[in-house]
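All values derive from a computational prediction rather than experimental measurement. Order of listing sets the numbers, starting from 1, for every ligand and every atom in it.
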Amino acid sequence: MADAWAATLLTLFPEMFPGSLGQSLAGKALDEGTWRLDVQDIRAEAVDRHGSVDDEPFGGGAGMVMRPDIVDSALRIAVNPVDDKRPIIYLTPRGRPLDQARVRDLADGPGVILLCGRYEGVDQRVLDAWQAEEVSVGDYVLSGGEPAALVLLDAVIRLLPGVMGAVESLSEESFERGLLEYPHYTRPADWVDRQGQERKVPEILTSGHHGRISEWRKTQAEQATRERRPDLWQHYVAKKDEGQRR
Ligand code: ADE
C-alpha cells in the first residue's frame, strides 16, 4: 500500500488537534489510515526553564514574535532531510489566499508540514531559511494559525482517494468549474415557512428534463457568481471568451 497522506503540524496548542478533523469524513479517514496527523508541540523546543518561545519585536510595536531558533528546532524534527518532499506551509493573514487549485495540488502530493503561529507571528528569517510557503485562509485575522490549519486540512482531506463517495459531486461543486455552485432542494416539494408562505421547489427540478435541469443549474450558478463574486465572474467570462475565439 502507498504511504498515507501525512500532515505534520507544529503548534503551541497541540490539544486543539485533531479537533473537528477527528469527526465525520476526515475522522473516519484518519481512523482508516487514509491520512495521518503528527502534532508536534513547539514549546518542547524551548531552551530556558520558563519554556519561552517568543520575544519582543525588533523595531518595537505590539505583541510578541516567535523565535527563529525555537521554530527551527521544531522544523528539524518535523522534516526528514533525506526524502521529505512535503511543502512547509506557514499559516498567516500575510499569505497567498488558499484556493481550490492549491488544495487539489496538496491532495495530489505526499502531505504537508503546517506551522501555526501565535502572537504577532514568526520571525521572518526562519520562514526564509526553510522556504516556507505563506498561506492565508481569508481576509480576516484569526487569533492564531490553528483554525486556519484545520480549514486547510479539511479542504484537502475530503479530496483524498476514498474519502468522499460520489466523485461526480466533486466536479460539480463550487470553484471546480470556476463558478459558485447552484442552489439545492429536496423533499417536501411543497413547504410552508413560519410566516405561512408556501414555498414550492422550482418546477423545472421535478420535470424530469435532465438537459433543461442542467441548463437551469448553470444559469443559477452563473447568476450567483456574477452577484456575489465579481472576481470569479471576471475570470470565468475571460476564459469563456478565450474558449470561443479558439
Ligand atoms: N492566522 C491568523 N489569521 C489567519 C488567516 N486569515 N489565515 C491564515 N492564518 C492566519
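- Arg86 and Thr8 share a donor-acceptor pair across their side chains, judged by distance under 3.5 Å alone.
- A donor atom on one side chain and an acceptor atom on the other are not found under 3.5 Å apart for Thr92 and Glu134.
- With rounding to the nearest 0.5 angstrom, the CH2 atom of Trp216 is 4.5 Å from the CG atom of Leu205.
- For ligand 1, the 4.0 Å heavy-atom shell takes in Leu91, Thr92, Pro93, Val135, Ser136, Val137, Gly138, Tyr140, Val141, Leu142, Gly144, Ala148, ordered by chain and residue number.
- Ion pair Glu222/Lys240 flagged as a salt bridge, since at least one NZ, NE, NH1 or NH2 atom sits closer than 4.0 Å to an Asp/Glu carboxylate oxygen.
- Using a 4.0 Å cut-off between charged nitrogen and carboxylate oxygen, Asp72 and Arg76 count as a salt-bridge pair.
- In the model, Glu215 has no side-chain atom that pairs as donor or acceptor with a side-chain atom of Gln220 under 3.5 Å.
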